[in-house]
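Single-structure report; data block below.
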Amino acid sequence: MERTALDLWVGLFVVAGLAALVVLALKVGNLSTYNMSETYQLQAYFSNIGGLKPQASIKSSGVLVGRVTGITLDTERYEAKVMMSIDQRYQFPKDTFANILTSGLLGEQYIGLVPGGETELLKADEVIKKTQSAVVLEDLIGKFLYSKADGS
Amino acid sequence: MPITKGLRTIGSRAVNAVWRTGYATRFFLMILFYSGTSFRRFHLIVKELFSSGVMSLIIILVAGMFVGMVLGLQGYETLKRYGSESALGSLVALSLVRELGPVLAALLFASRAGSAMTAEIGLMKATEQISAMEMMAVNPIARVVAPRFWAGVISVPLLAALFSVMGVFGGYVVGVVLIGVDAGSFWSQMQDTVDFQHDILNGVIKSVVFGVAVTAIALFEGYDSPPTAEGVSGATTRTVVQSSLAILILDFILTAFMFQGD
């Protein structure tokens, strides 16, 4: 079969289309950010996780260090159990604080890790003991109204 | 009697519509049945890919660029009020990848390539080329219709992806280069919110469905058109109207399935 100029144009078209899909996947989408090199698992219990979702980011000092892999309700403690996978490069001390924070006023929720002063490090599959739950706006407003009514 | 006459017209129209639906379904199944033959003669599909895909490139690229630029401008104007201009990247990318890319690319394809397909096949029928093929024991569906169908199904997703990429580029040009939104937050917010499976893959699925719908409608209207000049022109109009409506209705149905409650 002979090659023609038509084949070249069609080939260019198909290659450009597939390249556009790759650009969408890597540059626009977050396919490239999923594969963190090596990870280890940590767990934490929160009394209220607010709007935290799986795949939410875990940050320390604003740097992305891991992702939330799963959220379940622990029926023994009746608290939310959050599974996290953390990049192997980052190790945290035993008395690290895990806080559920919000990016911006109405943004997505993420977990912020604030390291403590202890020298011993958290090992894989350990539980972060010190946690702070999400701030629920309705509760805050409720408290504010209550204290107002009390004060007057 | 005027009443019986009116009833008769309504009845005959309803019967006609059902008849046509059945014929269209049989036509669609015939295309799928004879696809094997046209894949064995792949050069026929390549030829149609050129005339429907490559020739639509310019309009798709230019339209995508300008849609992205408009999104950049309008999005900036609105987001500025809430002080969240940095979300411009995710606004532009999400609206393009989820909706505008597949829908507008398919609409442009329907009016640029779908109408041409209908006119071509309608004219082939009017000048009795189709009957001549049947006379020579060449199946016109395997030789003429099926290659065009697959060329359309292949080109619409590729065109939609190119449309989205050009749109994101247009949004980048207006938002970052001209207005001065921070480039880092533009891209990082975009990558944070656009999910590969949930957004990009669903967009591709949408455009494949639109490709099937548009080309099937265009080919059926051409094949079914009355073999007159008036008939061909009417069929071409019907192709554009019906495939545009089909795209928008299918888009609603697919969106309802894909993005429900999360």
Side-chain angles (χ1 to χ4, degrees), chain A residues 1-36 49-59 61-71 101-112, chain B residues 41-43 45-57 60-61 64 82-84 86-87 89-90 92-94 96-97 101 151 154-169 171-172 187-201 203-204 207 262:
Chain A
M1 207 168 78
E2 235 177 291
R3 277 199 264 175
T4 58
L6 194 117
D7 291 339
L8 176 70
W9 280 107
V10 173
L12 269 179
F13 167 61
V14 174
V15 169
L18 293 179
L21 274 179
V22 172
V23 168
L24 282 183
L26 296 182
K27 188 79 186 165
V28 176
N30 51 3
L31 197 63
S32 52
T33 52
Y34 272 175
N35 39 14
M36 270 180 295
I49 56 161
L52 194 73
K53 291 195 187 78
Q55 289 302 334
S57 46
I58 298 164
K59 291 177 180 178
S61 308
V63 179
L64 184 74
V65 295
R67 291 212 178 265
V68 172
T69 49
I71 299 168
L101 304 170
T102 311
S103 61
L105 192 58
L106 301 164
E108 286 215 341
Q109 291 193 301
Y110 65 97
I111 294 183
Chain B
R41 288 189 291 171
F42 200 71
H43 64 102
I45 299 183
V46 171
K47 199 168 143 249
E48 294 311 322
L49 264 176
F50 181 80
S51 61
S52 61
V54 178
M55 298 305 273
S56 312
L57 265 182
I60 290 284
L61 294 181
Y82 307 102
S84 45
S86 56
S90 49
V92 170
L94 274 184
L96 276 166
V97 170
I154 294 168
S155 20
V156 175
L158 296 177
L159 291 172
L162 284 165
F163 189 97
S164 300
V165 168
M166 282 311 281
V168 169
F169 178 67
Y172 171 81
W187 290 113
S188 69
Q189 287 256 349
M190 186 188 293
Q191 286 164 359
D192 245 25
T193 42
V194 180
D195 182 69
F196 178 72
Q197 218 178 346
H198 190 244
D199 299 317
I200 297 175
L201 225 53
V204 173
S207 56
D262 56 3

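Proteins come first, then strands; the chains are lettered A, B, ... in the order of their sequence lines, and each starts at number 1. This is a predicted model, so every value here is computed, not measured.
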Exercise. Can you say whether Val46(B) sits under 4.5 Å from chain A via the side chain, the backbone, both, or neither, judging by heavy atoms?
Worked result: both
For this session: Count the heavy-atom pairs under 4.5 Å between each of Val168(B), Val165(B), Val204(B), Asp199(B) and chain A, then report the option with the highest count.
Result: Val165(B)
For this session: Measure Ser84(B) against the heavy atoms of chain A and call it side chain, backbone, both or neither at under 4.5 Å.
Result: neither
Exercise. Would you call Leu201(B) and Asp195(B) a side-chain contact if the rule is heavy atoms closer than 4.5 Å?
Worked result: no
For this session: Could you list the residues that satisfy side chain to side chain donor-acceptor pair (under 3.5 Å) with Ser51(B), not counting sequence neighbours?
Result: Glu48(B)
Problem set entry | Close side-chain approach of Leu96(B) to Phe163(B), heavy-atom, < 4.5 Å | yes
For this session: Would you check if Leu6(A) and Trp9(A) make a side-chain contact, meaning some heavy-atom pair closer than 4.5 Å?
Result: no
Exercise. Which region of Val23(A), side chain (C-beta onward) or backbone (N, CA, C, O), has a non-hydrogen atom less than 4.5 Å from a non-hydrogen atom of chain B, or is it both or neither?
Worked result: side chain
For this session: With a 4.5 Å cut-off on heavy-atom pairs, point out which of Ser57(A), Ala20(A), Ala16(A) contacts chain B the most.
Result: Ala20(A)
Problem set entry | Contact list for residues 12-21 of chain A, test salt bridge (charged side-chain N to carboxylate O under 4.0 Å, His left out), sequence neighbours left out | none
Problem set entry | Which atoms of Leu18(A) approach chain B - backbone, side chain, both or neither, heavy atom under 4.5 Å | both
Problem set entry | chain A contact via Leu49(B) - which portion, at a heavy-atom distance below 4.5 Å | both
Exercise. Should Trp187(B) and Tyr172(B) count as side-chain neighbours, where that means a heavy-atom distance under 4.5 Å?
Worked result: yes
